[in-house]
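One is the number of the first residue; the rest follow in order along the sequence. Counting starts at 1 for both ligands and their atoms, in listed order. The basis for the numbers below is simple: all heavy atoms, side chains too, and nothing from hydrogens, waters or symmetry mates.
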Amino acid sequence: MAKNIIYVRLETKSSTLRETLGQIINSTEGFRLRGAEDTDPFDLLILELGQDVEHEFQIVQSFTSLGTVREIFLTSGQQDPTILLRALREGIKEFFPQPINEQEVRQALDNFRQRRDLEKESKRVERIGKIINVAPSKGGGGNTTIAVNLAVELAQLNKRRSVALVDMNLLFGEVPLFLDIRPSFHWGEVARNITRLDAMFLMSVLHRHSSGIYVLPAPSELNGNHYLSPDIAENLLGLMKSIFDYTVIDSGLATDDIAIRVIELSDTVLVTSILSVPCLTNLNRISRLLHDLGLTSDDSVKLVVNRDLKDSHISIKDAEESVRMKVSWRVPNDFVTTMSAINQGKSLYEVSMNSPVARAIRQIAQDLSGEKIEEKKGSFLNRIFKRS
Ligand SMILES: Nc1ncnc2c1ncn2[C@@H]1O[C@H](COP(=O)(O)OP(=O)(O)OP(=O)(O)O)[C@@H](O)[C@H]1O
Ligand SMILES: [Mg+2]
């Protein structure tokens with residue numbers, strides 16, 4: 001981005017409004033409009049609220065909480081005071097009623113520039129997040145359980161960290177079931193609209209779960225037109241890294257070139273397995289594949305034994321020797337708690353945060369992030385002062 005130029009992205013319903021605002025922006029010194037097809041970052045988003053106000057406010061919240069854009073201005077043709085009130089609550093600095101008053105918009109742009117100049121020293125830092133790829137050695141071993149709960153635990157550890165969860169089980173992804181969400185979009189939209197893939201588009205397709213994580217589910221039915229390719233996966237994950245501190249992936253079996261590209265792009269691959277002969281046999285193959293991909297460092301590949309039993313027929317030592325990998329974490333066997341969480345569509349944190357299985361996954365989150373559970377929150381006033 002050229003220094004000092006303020007880039008503005010317009011998301012309007014009507015083309016007349018787009019034209020009016022575009023002219024004002026382009027004729028204001030120091031401001032430039034980003035085209036709808038331009039996927040480069042922008043400083044200011046001007047969003048027109050339409051019929052689906054709830055969804056649009058969700059986008060606003062996502063942008064504000066992630067800090068991917070400096071400010072958002074809203075405009076609406078509706079004269080509904082509750083919308084204005086909501087905008088104020090969301091921290092929106094400017095709201096333009098329609099028809100647009102040119103003077104008002106110019107003044108708002110000028111105010112924005114002044115605020116930006118004041119904040120110049122504390123420049124926004126481009127985020128370079130981590131991709132944590134949770135990959136199974138075999139189906140049914142609890143990969144989704146670990147991926148979903150790891151994402152939730154990472155978000156709980158530090159509320160200031162942003163966490164996304166991507167379901168890469170190209171079909172039959174179960175993340176929405178695990179979290180009891182009915183998302184409107186899935187990565188099929190990303191694949192179809194790859195030329196428009198930017199922060200704005202991504203935030204409009206991600207589903208924000210009540211735990212604070214952002215979810216990108218897999219398509220639930222095979223109706224063509226949304227095939228992912230390794231390049232699309234790479235673009236998507238590159239963008240996610242620039243927005244989220246952690247992107248957790250619930251991967252399918254590493255059987256195709258997409259899964260392999262995703263492995264290559266991951267900062268950490270957490271291979272999940274249970275201590276059974278079929279799983280360990282597969283794990284051996286995966287271990288060889290990772291070796292061939294040059295992923296041999298202890299930091300980038302970690303083994304998680306799930307459904308760990310004290311009296312297992314296969315010992316950890318035997319398993320480690322047979323697959324030539326160290327076991328980094330052991331998640332205890334607890335069918336009742338995991339199943340109860342799945343059946344209720346809740347995380348283990350919500351269902352039984354102190355159960356050994358929840359604690360074990362929390363430990364993985366702590367070790368990967370280097371963060372401990374936040375201290376109990378202080379008084380209301382303390383929190384307010386800390387925030388400002
Ligand atoms: N630590 C655990 N202890 C006991 N049961 C578990 C544990 N983790 C997961 N399970 C159970 O294993 C079953 C499969 O879990 P999950 O769907 O997470 O596995 P998966 O590897 O994602 O399966 P798939 O290959 O179908 O995607 C569920 O019934 C779940 O309750
Ligand atoms: Mg699964």
Under-4.0 Å heavy-atom contact with ligand 1, by part of Thr272 that carries it:
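Contact part for Thr272 vs ligand 1: neither.
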
Which bit of Asn306 is near ligand 1, meaning a heavy atom under 4.0 Å away: side chain, backbone, both or neither?
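The side chain, only.
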
Closest by any non-hydrogen atom to atom 2 (C) of ligand 1: pick that one out of Arg307, Glu174, Lys138.
Arg307

Out of Gly142, Ala147, Ser137, whose heavy atom is nearest to atom 16 (P) of ligand 1?
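Among Gly142, Ala147, Ser137, the closest heavy atom to atom 16 (P) of ligand 1 comes from Gly142.
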
Any side-chain donor near an acceptor of the partner, [X] and [Y], under 3.5 Å:
| X | Y | result |
| --- | --- | --- |
| Gln98 | Glu48 | yes |
| Glu90 | Gln61 | yes |
| Glu19 | Ser15 | no |

Is any side-chain N of the basic residue among Glu104 and Arg106 closer than 4.0 Å to the acidic one's carboxylate O?
no

Test: Asp180 and Arg182 ion pair at under 4.0 Å:
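Yes, charged N to carboxylate O under 4.0 Å.
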
Enumerate the protein N/O/S atoms at a distance below 2.8 Å from the Mg ion (ligand 2), ignoring waters.
Thr144 OG1

I'd like to check which ligand 1 atoms, numbered from 1 as shown, lie under 4.0 Å from a non-hydrogen atom of Met339.
29 (O), 31 (O)

Would you say Gly141 contacts ligand 1, with heavy atoms under 4.0 Å as the rule?
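Within the 4.0 Å threshold, so yes.
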
[atom] [closest protein heavy-atom partner, distance rounded to 0.1 Å]:
| atom | result |
| --- | --- |
| atom 9 (C) of ligand 1 | Thr145 OG1, 3.5 Å |
| atom 22 (O) of ligand 1 | Thr144 OG1, 2.7 Å |
| atom 10 (N) of ligand 1 | Thr338 OG1, 3.7 Å |

From the list Val148, Leu165, Val248, side-chain contact (heavy atoms from CB on, under 4.5 Å) with Ile213 holds only for Leu165

Close N or O approach ([X], ligand 1; < 3.5 Å):
| X | answer |
| --- | --- |
| Pro332 | yes |
| Gly140 | yes |
| Asn143 | yes |

To the nearest 0.5 angstrom, please state how far the CZ atom of Arg32 sits from the CD1 atom of Ile5.
4.0 Å

Establish, for the pair Arg34 and Phe42, whether the NZ or CZ atom is under 6.0 angstrom from the six-membered ring centre and no further than 45 degrees off its axis.
no

Residues two or more places apart in sequence or in another chain: which of them pass side-chain hydrogen bond (donor to acceptor under 3.5 Å, both in side chains) with Ser266?
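With sequence neighbours excluded, Ser266 shows a side-chain hydrogen bond (donor to acceptor under 3.5 Å, both in side chains) to Asn133, given in chain and number order.
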
